[in-house]
Colleague: 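Next up is a structure, given as structure tokens.
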Amino acid sequence: MPCYVRLMRKEDIAQIAEIDREAFPTQWPSTNYQHELHNRLAHYVVACQERQTVEEPQVEASLPRDSGLMSWARRLFSRNHFFNNRLPPSGGEYILGFIGFWIMAEEAHITNIAVREQYRLQGIGELLLISMIDLASELNAYTSTLEVRASNTAAQSLYYKYGFTQTGLRHGYYTDDKEDGVLMSTEDITSASFKAHLQQLKQAHSRRWGIAIYEVV
Ligand SMILES: CC(C)(COP(=O)(O)OP(=O)(O)OC[C@H]1O[C@@H](n2cnc3c(N)ncnc32)[C@H](O)[C@@H]1OP(=O)(O)O)[C@@H](O)C(=O)NCCC(=O)NCCS
């Protein structure tokens with residue numbers, strides 16, 4: 001089933017809000033994604049698939065045509081077995097997950113990342129993070145930062161895998177239950193060492209999940 005990443009659009013907001021509610025049930029108020037669409041600092045990437053299924057997808061033909069800033073985002077998931085969960089409802093695009101970040105002072109601060117529960121552990125979180133890092137470097141960011149709940153070891157593992165390290169701890173950072181927030185950040189994402197590590201991870205991800213990631217010139 002073909003799947004790809006692209007920038008968030010207005011028509012995605014209902015699905016994004018649904019994923020947000022599922023992933024962060026105690027977080028209130030939740031992010032105002034309508035507002036975020038008009039926020040020049042904010043960038044959102046969604047991983048989605050067409051709801052119509054195709055037995056053996058024609059890989060190149062299924063890529064969305066886009067241009068300019070969005071052209072970076074053309075990616076392709078090329079194997080049916082990648083999404084072996086039950087099929088989504090038919091019609092339109094089905095959003096599987098999203099990532100949001102703000103670019104401030106050459107720093108890409110991740111505000112949100114979430115994948116639909118039934119699609120987790122299938123490489124989508126990784127795909128979103130890879131896409132975000134690629135886009136952030138195209139937008140001239142030098143580093144990426146985030147806060148994550150101290151108990152959220154799943155997300156922390158993902159971040160560690162992609163070169164984030166703990167840079168601080170904010171006691172009682174989360175307002176709902178006063179849980180501590182772990183601050184994490186990358187080294188210079190434009191450095192040769194970071195790029196080489198990212199390239200290795202992309203290749204491993206591609207091999208593991210049967211995904212072809214195409215960098216668009
Ligand atoms: C965090 C999240 C986005 C990961 O998405 P995902 O699609 O399941 O992640 P992937 O399948 O791409 O996993 C990639 C890596 O993440 C880590 N990871 C993901 N889920 C994990 C889990 N349950 N336990 C341990 N590590 C996990 C692993 O390092 C994994 O790499 P590996 O397969 O080589 O071990 C997803 O769990 C989610 O939506 N969680 C709820 C929202 C959330 O907590 N967001 C983070 C806010 S800071």
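Note that this is a predicted model, so its numbers are computed, not measured. Whatever order the structure lists ligands and atoms in, that order sets their numbers, starting from 1.
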Colleague: Are any non-hydrogen protein atoms located under 4.0 Å from atom 43 (C) of ligand 1?
Modeller: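 Looking at atom 43 (C) of ligand 1, one finds that a protein heavy atom does lie closer than 4.0 Å.
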Colleague: Give me the nearest non-hydrogen protein atom to atom 18 (N) of ligand 1 as residue plus atom name, then the distance to 0.1 Å.
Modeller: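 Here the nearest protein heavy atom works out to A154 O, 3.5 Å.
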Colleague: Report the part of N152 (side chain from C-beta onward, or backbone N, CA, C, O) that has a heavy atom under 4.0 Å from ligand 1; answer both or neither where that applies.
Modeller: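 Only the side chain of N152 comes within reach of ligand 1.
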Colleague: Answer yes or no: is there an ion pair linking K202 with D134, defined by an N-O contact shorter than 4.0 Å?
Modeller: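 Result for this pair is yes, salt bridge flagged.
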Colleague: At what distance is the nearest protein heavy atom to atom 11 (O) of ligand 1, and which residue and atom is it?
Modeller: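 Sorting protein heavy atoms by distance from atom 11 (O) of ligand 1 puts G123 N, 2.9 Å first.
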Colleague: Could you check whether any heavy atom of R208 sits closer than 4.0 Å to an atom of ligand 1, since that is the contact criterion I want to use?
Modeller: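 A heavy atom of R208 does come that close to ligand 1.
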Colleague: Hey, could you give me the OH/CD1 distance between Y119 and I95, rounded to the nearest 0.5 Å?
Modeller: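 It comes to 12.0 Å.
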Colleague: Please state which option from I130, V115, L121 has its nearest heavy atom closest to atom 20 (N) of ligand 1.
Modeller: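 Going through I130, V115, L121 one by one, L121 has the nearest heavy atom to atom 20 (N) of ligand 1.
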Colleague: What protein heavy atom lies closest to atom 4 (C) of ligand 1? Include the residue and the distance to one decimal.
Modeller: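 Going atom by atom, the protein heavy atom closest to atom 4 (C) of ligand 1 ends up being L158 CD2, 4.2 Å.
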Colleague: State plainly whether the residues E179 and R170 are in salt-bridge range, i.e. N to O under 4.0 Å.
Modeller: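 Salt bridge absent between E179 and R170.
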Colleague: Distance to 0.1 Å, residue and atom name: give those for the protein heavy atom nearest to atom 7 (O) of ligand 1.
Modeller: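 Of the protein heavy atoms, G125 N, 2.8 Å lies nearest.
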Colleague: Verify, without hydrogens or angle tests, whether R6 (side chain) and V46 (backbone) share a donor-acceptor contact under 3.5 angstrom.
Modeller: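 Between the backbone of V46 and the side chain of R6 there is no qualifying donor-acceptor contact (under 3.5 Å).
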Colleague: Starting from atom 38 (C) of ligand 1, which protein heavy atom do you reach first, and at what distance in Å?
Modeller: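 It is R120 NE, 3.4 Å.
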